[in-house]
Amino acid sequence: MVAVTATAPRAAAEADAPSEAPRSLARHFDNAGISNDSAPEAADLDGSGRSLSAQALEAAGWSPGQRLTLHRTGTDWPRTRPGDPDNVVADGQPVSVAGRGDALTFLVTGTGGDATGSGRIGYADGTSSEYTLTAPDWDSGPLSTKAVDLPYSNSPGGTRDSKVRLYARTVPVDPERALAYVELPSVPGGTARMHVFSLGLRAPQERWSGTWSASTSGYAATGPWEDQTLRLVVHTSVGGPAARVRLDNTFAGQPVRIGRATIAVRDEGAKAAAAPVPLMFSGRSQTRIPAGGQALSDPLRFDVPADTDLLVSLHLPEPVTAAPVHTAATGTNYRTEPGAGDHTGTPGAAAFTGTIGTWPFLTGIDVLGGQGSIVALGDSITDGTGSTPGANRRWPDVLATRLLNQSAVPRYGVLNQGISANRVVTDRYDGDGVSTDTGGVSAQNRLDRDVLAQTGARTVVVFEGINDVRWGAGPEEVIAGLRNIAERSRGYGLRVIAATIAPCKGWSDCDEQVDRRRQEVNAFIRGNSGPGELFDGMFDFDAALRDPGDPARLLPEYDSGDHLHPGDAGLRAVAESIDLELLVPEDGYPRDRGPEPVPRP
């Protein structure tokens with residue numbers, strides 16, 4: 001579980017002046033934590049002579065001064081030489097931070113155990129809010145929530161062959177007010193120390209909406225792919241006059257180079273309706289994504305139609321033997337043959353002779369304008385298992401169509417963050433290396449990346465738990481996980497809707513004990529939803545799908561045939577049971593800040 005909490009940013013109190021004048025983070029650096037392999041004695045991160053390897057960091061793409069984007073936040077890895085101070089041991093130091101944003105992201109690690117402390121965010125209007133942050137221990141912290149892990153550390157006696165971790169941890173700030181400074185956490189006395197290497201302010205996203213997304217569900221063996229082009233098919237929810245694309249190198253141990261990328265409206269198969277349009281990254285046609293990092297393309301003038309298919313093409317000039325993927329439960333993507341070269345700009349389909357069953361690297365597409373996004377956090381039922389492949393009949397797809405065809409509430413984008421086999425409580429994939437399991441890390445451990453960092457997120461619908469109760473988790477464990485998700489999401493100003501767990505009698509392991517656990521979780525959801533409750537609202541998907549004559553079973557006409565996953569009719573029933581008014585946060589539409597210029601072609 002990620003331990004990050006904050007007071008509601010909008011309820012800030014009048015601030016006391018910091019004890020010293022805020023200054024840049026680098027000017028607070030008081031610890032040398034990075035050494036060359038040839039001179040390990042030059043740094044001492046943990047107080048016992050051990051340090052991070054500059055060579056291992058370089059191999060991961062974390063070189064001095066490297067721009068790192070994590071959780072949609074731009075940060076900079078320290079531009080220091082091995083052996084020089086490169087981090088600060090957090091103890092309430094005031095760091096200058098200017099501008100507006102919706103979150104602060106810290107690049108941290110703990111030594112001597114998990115390091116937890118409280119700090120303060122100061123605003124330019126003289127108010128402040130408190131936050132609590134935990135930096136997991138670099139030796140024993142969870143791999144499932146790491147930003148990057150390194151295969152070894154340095155010590156006075158040479159290298160030590162055991163993984164060490166660095167973490168990106170995010171806390172919310174009030175997007176309506178400019179920041180002036182942040183006081184780093186004060187960690188109570190003990191052996192644990194929190195090391196802060198970098199921090200960044202995440203830019204506000206009120207002018208952008210997410211139209212499509214997918215969660216990284218694992219790190220899978222591929223191809224290998226080399227000097228070939230992937231053509232990935234996605235289906236939009238809302239449209240807009242400009243677009244940008246997000247690529248992730250989640251869970252990776254090494255960087256990946258994207259030689260070129262394009263976007264196009266799809267005709268059919270791998271064929272584009274018109275010449276694909278190049279995407280740029282900081283003004284360049286190629287980008288190198290560090291291990292664990294993201295790449296956000298520059299805004300592009302490109303008319304994105306609502307409710308239509310797009311093609312995103314990626315040229316991979318160098319060998320790729322493993323990649324962060326989302327298993328495409330309902331779609332088909334395309335590839336050229338190895339050595340075929342760059343076909344990202346090719347409109348036709350002839351070069352794309354192969355298919356792949358995953359979405360590698362691609363995790364999001366944003367459009368300019370709109371009213372924000374609804375995030376569907378779920379498992380295989382949300383991911384579309386049981387629906388007609390390639391037909392866009394998942395319940396979030398049907399919900400997106402409903403929103404487009406009405407005017408009573410905002411026409412939100414809908415982002416599908418479902419992962420087949422995912423759980424609330426435990427990880428299916430532990431975040432460590434190449435795995436054949438693409439069930440993802442737990443909903444709690446992917447919340448920062450898959451919900452809180454999503455563009456324009458306004459409301460999250462949580463529809464998970466059946467895999468937990470099927471695999472032995474007690475109802476109290478699932479309830480605690482749902483509570484954690486709700487409280488953290490509310491801390492970021494999101495509206496939280498919980499959906500009851502659907503029945504599964506007839507599936508091989510869905511016995512009476514499983515159903516009792518399911519019913520206990522559902523009773524908790526029903527009893528803790530509404531104004532002033534843990535959940536802002538509740539969608540009773542259980543009631544929408546169950547057989548009235550046998551409530552432990554799906555209604556036969558809604559059953560895909562396996563008794564666990566609803567088919568097209570059942571998924572439509574789920575989407576049509578949703579009260580659209582419950583999706584709208586209390587403040588309704590996002591505050592209007594005026595139009596943003598459409599990027600030049």
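Because only heavy atoms are used, hydrogens play no part in the values below, and waters and symmetry mates are left out as well, while side chains stay in. Along the sequence shown, the residues carry numbers beginning at 1.
- When each of L362, T236, V414 is checked for a side chain to side chain contact (heavy atoms under 4.5 Å, CB included) with W212, only L362 meets the rule.
- Contact check for R446 versus N422: side-chain heavy atoms found under the 4.5 Å cut-off.
- When all heavy atoms of R169 and L133 are compared, the closest pair comes out as CB-CD1, 3.3 Å.
- Using modelled atom types, one side-chain atom of D427 and one backbone atom of S442 make a donor-acceptor pair closer than 3.5 Å.
- S489 OG to L377 CG: the interatomic distance, rounded to the nearest 0.5 Å, is 8.0 Å.
- The environment of CZ in R572 is sparse: at most 12 heavy-atom neighbours from other residues, nucleotides or ligands sit within 6.0 Å.
- Put simply, the side chain of V233 does not reach to within 4.5 Å of the side chain of T332, judged on heavy atoms.
- A salt bridge links K163 with D432: the distance from a Lys NZ or Arg NE/NH1/NH2 to an Asp or Glu carboxylate oxygen falls below 4.0 Å.
- For T216, the side chain to side chain donor-acceptor pair (under 3.5 Å) partners are T250, not counting sequence neighbours.
- Taking all atoms of both residues into account, the shortest heavy-atom contact from W359 to A214 is CE3-CB, 4.4 Å.
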- Query: Under the side chain to side chain donor-acceptor pair (under 3.5 Å) criterion, do T105 and T170 qualify, and how do the steps go?
  - Reply: CA-CA 4 Å; T105 298; T170 300; 2.9 Å; yes
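- Between the side chain of E58 and the main chain of A56, no donor-acceptor pair closer than 3.5 Å is present.
- Counted by atom type alone, D37 and N154 present one or more donor-acceptor pairs between their side chains at under 3.5 Å.
- Using a cutoff of 4.0 Å between basic side-chain nitrogens and carboxylate oxygens, R244 and D366 are scored as salt-bridged.
- Side chain of D515 to backbone of R553: no donor-acceptor contact under 3.5 angstrom is found.
- Ion pairing between a basic and an acidic side chain is recognised when a charged N comes within 4.0 Å of a carboxylate O; D139 and R50 show such pairing.
- Side-chain contact between F539 and V574: absent, with no pair of heavy atoms (C-beta onward) separated by less than 4.5 Å.
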- Item | Evaluation steps, side-chain contact (heavy atoms from CB on, under 4.5 Å), between L311 and D309 | CA-CA 7 Å; L311 300 174; D309 286 348; over 6 Å; no
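- Between P276 and R231, some side-chain heavy-atom pair lies under the 4.5 Å cut-off.
- Not one N or O on the side chain of R246 forms a donor-acceptor pair closer than 3.5 Å with the backbone of R72.
- In terms of modelled atom types and a separation under 3.5 Å, the side chain of R165 and the main chain of K146 share no donor-acceptor contact.
- The structure places CD of Q286 at 11.0 Å from CG of D342, a figure rounded to the nearest 0.5 Å.
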- Task: Would you please test D383 and T385 for side chain to side chain donor-acceptor pair (under 3.5 Å) and show each step?
- Result: CA-CA 6 Å; D383 201 17; T385 301; 5.3 Å; no
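- Between S144 and D430 the shortest side-chain heavy-atom distance does not fall below 4.5 Å.
- Side-chain atoms of R518 do not come within 3.5 Å of backbone N or O of V521 as any donor-acceptor pair.
- The pair K505-D547 does not count as a salt bridge, with every side-chain nitrogen at least 4.0 angstrom from each carboxylate oxygen.
- For the atom pair CG (N392) and CZ (R394), the distance works out to 6.5 Å, reported to the nearest 0.5 Å.
- Residues T134 and D114 have side chains that never bring a donor and an acceptor to within less than 3.5 angstrom of each other.
- Using modelled atom types, no side-chain atom of R393 and backbone atom of D568 make a donor-acceptor pair closer than 3.5 Å.
- When every heavy atom of A270 is checked against every heavy atom of F352, the shortest pair comes out as CB-CB, 3.9 Å.
- Counting heavy atoms from C-beta outward, F197 and T109 have side chains that approach closer than 4.5 Å.
- Heavy-atom minimum distance, D559 versus L564: OD1-N, 4.5 Å.
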- Query: Going through the distances and angles, do T344 and R260 end up as a side chain to side chain donor-acceptor pair (under 3.5 Å)?
  - Reply: CA-CA 7 Å; T344 57; R260 193 165 179 257; 2.8 Å; yes
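- The closest donor-acceptor contact from the side chain of D468 to the backbone of V424 lies under 3.5 Å.
- A donor and an acceptor atom, one from each side chain of S313 and H343, are nowhere located under 3.5 Å apart.
- Heavy-atom minimum distance, G465 versus V478: CA-CG1, 4.4 Å.
- Separating the CG atom in L316 from the CG atom in D227 is a distance of 9.5 Å, to the nearest 0.5 Å.
- Proximity of a side-chain donor or acceptor of Q228 to a complementary backbone N or O of P317 within less than 3.5 Å is not detected.
- Ion pairing between a basic and an acidic side chain is recognised when a charged N comes within 4.0 Å of a carboxylate O; R488 and D448 show such pairing.
- Counting only N and O atoms by type, the side chains of T145 and N445 include no donor and acceptor under 3.5 Å apart.
- With contacts defined as side-chain heavy-atom distances shorter than 4.5 Å, the pair L314/L247 qualifies.
- With a 4.5 Å cut-off on side-chain heavy atoms, L232 and P360 count as touching.
- Of the listed residues (T73, T69, D248), just one forms a side chain to side chain donor-acceptor pair (under 3.5 Å) with Q294, and that residue is D248.
- A donor-acceptor contact closer than 3.5 angstrom links the side chains of S215 and Q417.
- A donor-acceptor pair under 3.5 Å is absent between the side-chain atoms of S435 and the main chain of G431, judged by distance alone.
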